[in-house]
J.: 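My questions will all concern the structure given below.
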Amino acid sequence: MSAADTIFALSSGQPPAAIGIIRVSGPKASDALRVLSGAVPDERRASLAKLTDPASGELLDTALILWFPGPNSASGEDLAEIHCHGGRAVVRALETALENMDGLRRAEPGEFTRRAFTHGRMDLAEAEGLSDLLFAETELQRRSAIKAAGGALSRKVEDWQNTILRLSAMVEAELDFSDEDDVTPAQLSVVQSAADKLATEMKNMLDRPRAEKLREGVRVVLGGPPNSGKSTLLNALVEREAAIVSAIAGTTRDVIEVPIAIKGIPFLFIDTAGVREEGAEEIERIGIDRARQQFNLADLILWLGPEGEGPRNANLVEIASRQDHPEYMPKSPGVLSVSPVVGAGMDALVALLVDRAKNIVPRGDEISVNKRQADHLTEAQTSLHQIADVQDYLIIAEQLRLARAALDALTGRASTEDMLDSLFGKFCIGK
């Protein structure tokens, strides 16, 4: 596999479909169009063409073809698109014709986007945003991902980089030309104040919820002793029979995970084995251990057990889940009373979950960072923060250089092949 190869792939949904879009990217993209249609159309203009098999001369399809010469294309290199009929046989015939052409091969997953990154059409932060956009299932996921894919984070990082470059120039001038009258010496307090302001801006972004939480969902773990109504409540929350409900103690032996979106916010509801200290046989005890592990991983815990006996967690919500049975009514005012069987109190519980989730997931109108980006941003923020206590311009220059390097790594200007393979390998074939 070489970056100089010409690649092709179906970039639309799997057939059958009304339209199939096949992309061809690389130095022989125009040759592919010429061989199939007899000519290359005017750039950026859809043209109707009859596509024939170069080996047999047989008509394959009548389709729209488009030509985008590089570098002003989606991939940054010569790019062709074939908008054909979306039947399986049509798509397969065109792919076979392309594969039989000299110098063309099928694309690897994410290879089109990787070429766009390589040719400077997008940076790494934008590519990660595009990956999130492709997998977005909720409105909040879409809004957040489209900001990242559109370069919101990249533009902010570029502003920071430009400021750091100006500070570096001031420091270098002080180091190199402080004895010349025509150079204004950099004032230490000015550099330190500007660096501290940047560090504060970065910390504010780091303090926001991580982008991964939008993709993974808010982890809501249902816990309590056997027969406390966990599975019944889970089924009511997700509005389907996701967990087996039985009067037999210990029915739920393993962790049951159910993803669902509520008011555009992704949640992952997790039903667990009933927690009890005595009477559990071997397999049930394994389930209880797994339940306790889930408590440690939870963003929110809905505790359906005795009041005050739930796991220690700042986001624990005590639930009395049998409002239709007077003997189970809560004793404390802070306990939320519901009945999944008749639906009583469920609207209040859902409203509480949505309200708590707003502090756990990123806001759609704010820039959020993932763990990889946060690690590099932390490095930059730490370097800038250390300048406040430094009086030596040489050390300040080095800290500014480290901050620039960390931001370069965030956007992908400094990267490793293994990390790029991991990112772009998640994309679909035609992306």
J.: Compare every heavy atom of Leu124 with every heavy atom of Phe117, then report the nearest pair and how far apart it is.
T.: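 In this case the closest contact between Phe117 and Leu124 is CE1-N, 3.6 Å.
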J.: Closest approach of Leu233 and Leu349, non-hydrogen atoms and distance?
T.: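 Leu233 and Leu349 have their closest heavy atoms at CD1-CD2, 3.8 Å.
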J.: With heavy-atom distances below 4.5 Å as the criterion, would you say the side chains of Arg210 and Leu206 are in contact?
T.: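 In short, these two side chains touch, coming nearer than 4.5 Å.
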J.: Output the distance between atom CH2 (Trp303) and atom CD1 (Ile319), rounded to the nearest 0.5 Å.
T.: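 Trp303 atom CH2 to Ile319 atom CD1 measures 12.5 Å (nearest 0.5 Å).
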J.: Identify the heavy atoms of Arg115 and Gly26 that sit nearest to each other, and give their distance.
T.: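 Closest approach of Arg115 to Gly26, heavy atoms only: NH1-CA, 4.1 Å.
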J.: What pairs meet the side-chain hydrogen bond (donor to acceptor under 3.5 Å, both in side chains) rule with one or both residues in residues 346-358, with sequence neighbours excluded?
T.: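 Every pair satisfying side-chain hydrogen bond (donor to acceptor under 3.5 Å, both in side chains) with a residue in residues 346-358: there are none.
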J.: Asp123 and Thr411: which non-hydrogen atoms are nearest, and at how many Å?
T.: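 Nearest pair, atom of Asp123 first, then Thr411: CB-O, 3.2 Å.
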J.: Counting N and O atoms only, with roles assigned by atom type, does the side chain of Arg363 sit under 3.5 Å from a partner on the main chain of Asn359, one being a donor and the other an acceptor?
T.: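 Such a contact is absent between Arg363 side chain and Asn359 backbone.
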J.: Among residues at least two apart in sequence or on other chains, which ones pass side chain to side chain donor-acceptor pair (under 3.5 Å) with Thr163?
T.: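 For Thr163 the side chain to side chain donor-acceptor pair (under 3.5 Å) partners, ignoring immediate neighbours, are Arg166.
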J.: Side-chain donor-acceptor contacts of residues 216-223 below 3.5 Å, not counting sequence neighbours, with atom names and distances?
T.:
{"residue": "Arg219", "atom": "NH2", "partner": "Gln294", "partner atom": "OE1", "Å": "2.6"}

J.: According to side chain to side chain donor-acceptor pair (under 3.5 Å), who are the partners of Ser168, at least two apart in sequence or on a separate chain?
T.: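 Scan of Ser168 (side chain to side chain donor-acceptor pair (under 3.5 Å), adjacent residues dropped) gives Arg404.
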J.: Does one side chain, of Gln192 or Asp389, offer a donor that lies under 3.5 Å from an acceptor on the other?
T.: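 Checked: Gln192/Asp389 side chains show no N/O donor-acceptor pair below 3.5 Å.
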J.: Has Asp102 got more than 12 heavy atoms of other residues, nucleotides or ligands less than 6.0 Å from its CG?
T.: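 At most 12 heavy atoms, drawn from other residues, nucleotides or ligands, come within 6.0 Å of this atom.
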J.: Is any NZ, NE, NH1 or NH2 atom of the basic residue among Asp159 and Arg155 found under 4.0 Å from an Asp or Glu carboxylate oxygen of the other?
T.: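 Answer for the salt bridge query: no.
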J.: Nearest 0.5 Å, what's the OG-CG distance between Ser154 and Leu407?
T.: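 The distance works out to 11.5 Å.
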J.: Give the intermediate values and the outcome of salt bridge (charged side-chain N to carboxylate O under 4.0 Å, His left out) for residues Arg34 and Asp31.
T.: CA-CA 5 Å; Arg34 190 175 291 108; Asp31 293 340; 3.2 Å; yes
J.: Please give me the minimum heavy-atom distance between Ala74 and Ala116, naming the atom from each residue.
T.: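 Heavy-atom minimum between the residues: O-CB, 3.2 Å.
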J.: Return a table of donor-acceptor pairs under 3.5 angstrom between the side chains of residues 90-100 and protein atoms on other chains or two or more places apart.
T.:
{"residue": "Thr96", "atom": "OG1", "partner": "Arg92", "partner atom": "O", "Å": "2.9"}
{"residue": "Glu99", "atom": "OE1", "partner": "Arg106", "partner atom": "NE", "Å": "3.3"}
{"residue": "Glu99", "atom": "OE1", "partner": "Arg106", "partner atom": "NH2", "Å": "3.4"}
{"residue": "Glu99", "atom": "OE2", "partner": "Arg106", "partner atom": "NE", "Å": "3.4"}
{"residue": "Asn100", "atom": "ND2", "partner": "Thr96", "partner atom": "O", "Å": "3.2"}

J.: Would a 4.5 Å heavy-atom cut-off, applied to side chains only, mark Glu257 and Phe269 as touching?
T.: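 A side-chain contact is absent here, since even the closest heavy-atom pair is not under 4.5 Å.
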J.: Could you go step by step and tell me if Leu402 and Glu379 meet the side chain to side chain contact (heavy atoms under 4.5 Å, CB included) rule?
T.: CA-CA 8 Å; Leu402 291 174; Glu379 293 175 12; over 6 Å; no
J.: Would you please test Ile7 and Arg105 for side chain to side chain contact (heavy atoms under 4.5 Å, CB included) and show each step?
T.: CA-CA 5 Å; Ile7 57 174; Arg105 64 169 175 82; 3.5 Å; yes
J.: Heavy atoms, side chains only, cut-off 4.5 Å: are Leu268 and Val258 in contact?
T.: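 Leu268 vs Val258: side chains apart.
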J.: Tabulate below the donor-acceptor pairs under 3.5 Å that side-chain atoms of residues 43-54 make, not counting sequence neighbours, or state none.
T.:
{"residue": "Arg44", "atom": "NH1", "partner": "Asn72", "partner atom": "O", "Å": "3.3"}
{"residue": "Arg44", "atom": "NH2", "partner": "Asn72", "partner atom": "O", "Å": "2.2"}
{"residue": "Asp53", "atom": "OD1", "partner": "Ala55", "partner atom": "N", "Å": "2.8"}

J.: Quick test of your reading of the model: are Lys28 and Asp5 salt-bridged, counting only N-O distances below 4.0 Å?
T.: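 Here Lys28 does not pair with Asp5 in a salt bridge, since their nearest N and O are not under 4.0 Å apart.
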J.: For Ile21 and Leu10, run side chain to side chain contact (heavy atoms under 4.5 Å, CB included): C-alpha distance rounded to whole Å, both residues' side-chain angles, the deciding distance at 0.1 Å, then the answer.
T.: CA-CA 6 Å; Ile21 301 176; Leu10 179 70; 5.6 Å; no
J.: Hey, are the side chains of Leu188 and Tyr393 touching, using non-hydrogen atoms and a 4.5 Å cut-off?
T.: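 They are in contact (side-chain heavy atoms under 4.5 Å apart), so the answer is yes.
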J.: Return the minimal non-hydrogen interatomic distance between Ser11 and Arg23, and the atom names on each side.
T.: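 That would be OG-CD, 2.9 Å.
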J.: Quick check: do Leu377 and Trp160 have side-chain heavy atoms less than 4.5 Å from each other?
T.: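 Of all side-chain heavy-atom pairs linking Trp160 with Leu377, at least one is under 4.5 Å.
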J.: Can you list every pair that meets salt bridge (Lys or Arg N to Asp or Glu O under 4.0 Å) and has a residue in residues 191-204, with sequence neighbours left out?
T.: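 Every pair satisfying salt bridge (Lys or Arg N to Asp or Glu O under 4.0 Å) with a residue in residues 191-204: Lys156-Glu201, Lys203-Asp207.
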J.: So do Leu300 and Leu316 actually touch side chain to side chain, heavy atoms under 4.5 Å?
T.: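 No, their side chains stay 4.5 Å or more apart.
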J.: Measure from the side-chain N and O atoms of Ser37 to the backbone N and O of Leu33, and report whether any donor-acceptor pair falls under 3.5 Å.
T.: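 Between the backbone of Leu33 and the side chain of Ser37 there is a qualifying donor-acceptor contact (under 3.5 Å).
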J.: Does atom NE2 (His385) have a neighbourhood of more than 12 heavy atoms from anything else shown, all under 6.0 Å?
T.: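 At most 12 heavy atoms, drawn from other residues, nucleotides or ligands, come within 6.0 Å of this atom.
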J.: Only counting residues at least two apart or in another chain, list the ones meeting side chain to side chain contact (heavy atoms under 4.5 Å, CB included) with Pro209.
T.: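 Listed in chain order: Pro362.
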J.: Test side chain to side chain contact (heavy atoms under 4.5 Å, CB included) on Val190 and Met170 and set out the steps.
T.: CA-CA 10 Å; Val190 173; Met170 293 172 64; 4.0 Å; yes
J.: For Glu158, enumerate each residue passing the side chain to side chain donor-acceptor pair (under 3.5 Å) test, keeping only those at least two apart in sequence or located in another chain.
T.: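 Scan of Glu158 (side chain to side chain donor-acceptor pair (under 3.5 Å), adjacent residues dropped) gives none.
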J.: May I ask you to decide if Leu140's main-chain N or O and Ser144's side chain share a donor-acceptor pair within less than 3.5 Å?
T.: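 Looks like no, no N/O pair under 3.5 Å.
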J.: Partners of Ala29 by side chain to side chain contact (heavy atoms under 4.5 Å, CB included), sequence neighbours excluded?
T.: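 Testing Ala29 for side chain to side chain contact (heavy atoms under 4.5 Å, CB included), a comparison that skips the adjacent residues, returns Val24, Trp67, Asp78, Ala80.
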J.: Can you find a pair of side-chain heavy atoms, one from Val317 and one from Leu353, that are under 4.5 Å apart?
T.: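 Side-chain contact under 4.5 Å: no.
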J.: In plain terms, say whether Arg114 and Glu111 are close enough for a salt bridge, that is, a side-chain N and a carboxylate O under 4.0 Å apart.
T.: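 Result for this pair is no, no salt bridge flagged.
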J.: Could you give the distance from CG (Asp392) to CD1 (Ile387), rounded to the nearest 0.5 Å?
T.: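 That separation rounds to 12.0 Å.
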J.: Starting at CD1 of Ile65, measure out to SG of Cys84 and round the result to the nearest 0.5 Å.
T.: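 Those atoms lie 12.0 Å apart.
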J.: Output the distance between atom CG (Leu79) and atom CG (Leu66), rounded to the nearest 0.5 Å.
T.: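 That separation rounds to 9.5 Å.
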J.: Output all residues satisfying side chain to side chain donor-acceptor pair (under 3.5 Å) with Lys213, sequence neighbours left out; order by chain, then residue number.
T.: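 By the side chain to side chain donor-acceptor pair (under 3.5 Å) rule, Lys213 matches Asp299.
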J.: Would you give the length of the straight line joining atom NZ of Lys147 to atom CG of Asp132, rounded to the nearest 0.5 angstrom?
T.: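 Answer rounded to 0.5 Å: 14.0 Å.
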J.: Run the side chain to side chain contact (heavy atoms under 4.5 Å, CB included) test against Gln373 and tell me which residues pass, sequence neighbours left out.
T.: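 Partners of Gln373 under the side chain to side chain contact (heavy atoms under 4.5 Å, CB included) test: Ala125, Glu128, Leu153, Val369, Asn370, Leu410.
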